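The shown structure was predicted, so the numbers you read here are calculated from the model rather than taken from an experiment.
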Amino acid sequence: MSVKPLFLVALLAAGCSAAAPPPSFTASLTSPTDVVLTWPDDGAGHRVEYANDPAGPWTTLRFLPAHTTSYHHPDLIPRTPFYYREQPFTGPVSAELHEVTSGDTVTFTWTDRSTDEAGFLLEIRRPGAPDYDPVEVTDPDTTTCVLSVLPGEEGSAYRLRTLHYGPLSPVVHQTTGEER
């Protein structure tokens, strides 16, 4: 048995290996006041948050449907730090919901059959749209939701997702530039 292969393995283990993979969550300035966030497609939906300090407080920008891999945060305050993180979400979805409409609002009621949800996510598929988009998130143990029907949403389909979060991403940062 030769000693050379073991020596090579020891060198590789000591850090003489290939470059590290690229980060899975990134923030890029696409103009002095626009940031685009990107992440790989992992099949989950994603909650995108920002803060102006790495310690928070954090504000949710958007819940994005599965297979979405970027978010554009436009028209930001010039010369300001923005910190971002994302968090995948999953959960089983209901069959299509049938709403009770009263004027320009729609009311949904359901039975909470889960004991460990982070909340519920109501999703809408607007007429002519191919997919559902998140439209409202509730607290855990909630069993009703009232939405205002916006123009173009009449006749939409709805479904409810029991919400479970995955791990938070590392925080990424960009400082906006001078406004043009």
Side-chain angles (χ1 to χ4, degrees), residues 13-94 108 110 112-124 126 131-148 150 158-180:
C16 297
S17 61
S24 60
F25 179 53
T26 62
S28 303
L29 280 172
T30 57
S31 80
T33 58
D34 289 4
V35 173
V36 171
L37 307 171
T38 59
W39 56 89
D41 187 353
D42 59 4
H46 289 264
R47 175 175 69 169
V48 178
E49 299 178 305
Y50 89 96
N52 294 112
D53 183 278
W58 292 91
T59 301
T60 297
L61 289 169
R62 181 91 194 256
F63 280 81
L64 298 164
H67 305 295
T68 302
T69 59
S70 66
Y71 178 77
H72 178 211
H73 195 195
D75 305 320
L76 301 172
I77 301 167
R79 299 181 316 269
T80 304
F82 286 87
Y83 297 86
Y84 296 95
R85 63 186 187 186
E86 62 83 20
Q87 185 172 34
F89 66 84
T90 60
V93 294
S94 68
F108 300 94
W110 61 90
D112 180 0
R113 293 188 172 96
S114 178
T115 59
D116 64 345
E117 79 273 0
F120 293 94
L121 185 64
L122 187 64
E123 298 175 328
I124 184 173
R126 293 170 182 87
D131 296 315
Y132 284 86
D133 286 315
V135 67
E136 182 72 28
V137 66
T138 73
D139 290 328
D141 303 320
T142 300
T143 58
T144 190
C145 180
V146 178
L147 293 177
S148 295
L150 300 174
Y158 297 89
R159 68 183 186 187
L160 189 69
R161 179 182 302 273
T162 304
L163 195 55
H164 297 280
Y165 290 113
L168 282 167
S169 71
V171 173
V172 295
H173 167 257
Q174 281 294 337
T175 298
T176 52
E178 194 67 37
E179 192 171 33
R180 291 183 191 176

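Every residue meeting the salt bridge (charged side-chain N to carboxylate O under 4.0 Å, His left out) condition with Glu123, not counting sequence neighbours, appears here in chain and number order: Arg159, Arg161. Shown here are the salt bridge (charged side-chain N to carboxylate O under 4.0 Å, His left out) partners of Arg126, two or more places apart in sequence or in another chain: Asp133, Glu153. With sequence neighbours left out, His173 forms a ring-ring contact (aromatic ring centres under 6.0 Å, His included) with Tyr83. Under the rule for a ring-ring contact (aromatic ring centres under 6.0 Å, His included), the partners of Phe89 that lie at least two apart in sequence or sit in another chain are Phe63.
Distance check: Thr143 OG1 to Phe120 CZ gives 8.5 Å after rounding to the nearest 0.5 Å. In this structure, CG on Leu29 lies 4.0 Å from CD on Gln174, to the nearest 0.5 angstrom. Interatomic distance, CG of Asp42 versus OG1 of Thr90, reported as 9.5 Å (0.5 Å rounding). Here the straight-line distance linking atom OG1 of Thr142 with atom CG of Asp112 works out to 8.0 Å at 0.5 Å rounding. Residue Leu64 holds its CG atom at 10.0 Å from OG1 of Thr69, rounded to the nearest 0.5 Å.
Legend: salt bridge (charged side-chain N to carboxylate O under 4.0 Å, His left out) pairs involving residues 135-147, not counting sequence neighbours: none detected.
For the residue pair Val48 and Tyr71, the shortest heavy atom distance occurs at CG1-CD2, 4.3 Å. Nearest heavy-atom pair, Ala27 versus Leu37, reported as atom, atom and distance to 0.1 Å: CB-CD2, 3.5 Å. The minimum heavy-atom distance linking Ser24 with Pro40 is given by the pair O-CD, 2.7 Å. Considering every non-hydrogen atom in both Ala44 and Pro88, the closest pair reads CB-CB, 3.9 Å. Nearest heavy atom pair, residue Gly43 against residue Asp41, reads N-OD1, 2.9 Å. Here the closest non-hydrogen pair linking Thr33 and Gly177 is CG2-O, 4.4 Å.
Judged by distance alone, with hydrogens and angles left aside, the side-chain atoms of Thr176 form a donor-acceptor pair with the main-chain N or O of Thr80 at under 3.5 Å. Side-chain atoms of Gln87 come within 3.5 Å of backbone atoms of Gly166 as a donor-acceptor pair (strictly under, hydrogens ignored). With Ser94 contributing its side chain and Leu160 its backbone, the two residues share a donor-acceptor pair below 3.5 Å.
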Exercise for review: Please step through side chain to side chain contact (heavy atoms under 4.5 Å, CB included) for the pair Glu49 and Glu86, ending with a clear verdict.
Suggested key: CA-CA 6 Å; Glu49 299 178 305; Glu86 62 83 20; over 6 Å; no
**Study point:** side chain to side chain contact (heavy atoms under 4.5 Å, CB included) between Leu163 and Val137, intermediate numbers included
**Key:** CA-CA 9 Å; Leu163 195 55; Val137 66; 3.5 Å; yes
Exercise for review: Start with the C-alpha distance between Tyr84 and Thr26, add both sets of side-chain angles, then the distance that settles side chain to side chain contact (heavy atoms under 4.5 Å, CB included), and finish with yes or no.
Suggested key: CA-CA 9 Å; Tyr84 296 95; Thr26 62; over 6 Å; no
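Counting only N and O atoms by type, the side chains of Thr162 and Ser114 include no donor and acceptor under 3.5 Å apart. His73 and Asp34 are not linked by any side-chain donor-acceptor pair at a separation below 3.5 angstrom, with hydrogens and angles left out of the test.
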Can you give me every donor-acceptor pair (side chain of residues 52-61, partner residue at least two apart or in another chain, under 3.5 Å) with its distance?
{"unit_1": "Asn52", "atom_1": "ND2", "unit_2": "Pro81", "atom_2": "O", "d": "2.9"}
{"unit_1": "Asp53", "atom_1": "OD1", "unit_2": "Ala55", "atom_2": "N", "d": "2.8"}

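Side-chain atoms of Val135 and Leu147, non-hydrogen and from C-beta on, do get closer than 4.5 Å to each other. Residues Ser169 and Arg85 form a side-chain contact, since some pair of their non-hydrogen atoms from C-beta on lies under 4.5 Å apart. Residues Tyr132 and Ile124 are not in side-chain contact: their nearest non-hydrogen atoms beyond the backbone lie 4.5 Å or more apart.
Ring pair Tyr50/Phe82 is tilted by interplanar angle, where 30° to 60° counts as tilted. Taking the six-membered ring where tryptophan is involved, the planes of Trp39 and His46 are tilted, since the angle between them lies from 30° to 60°.
Shown here is Leu168, whose CG atom has more than 12 heavy atoms of other residues, nucleotides or ligands within 6.0 Å.
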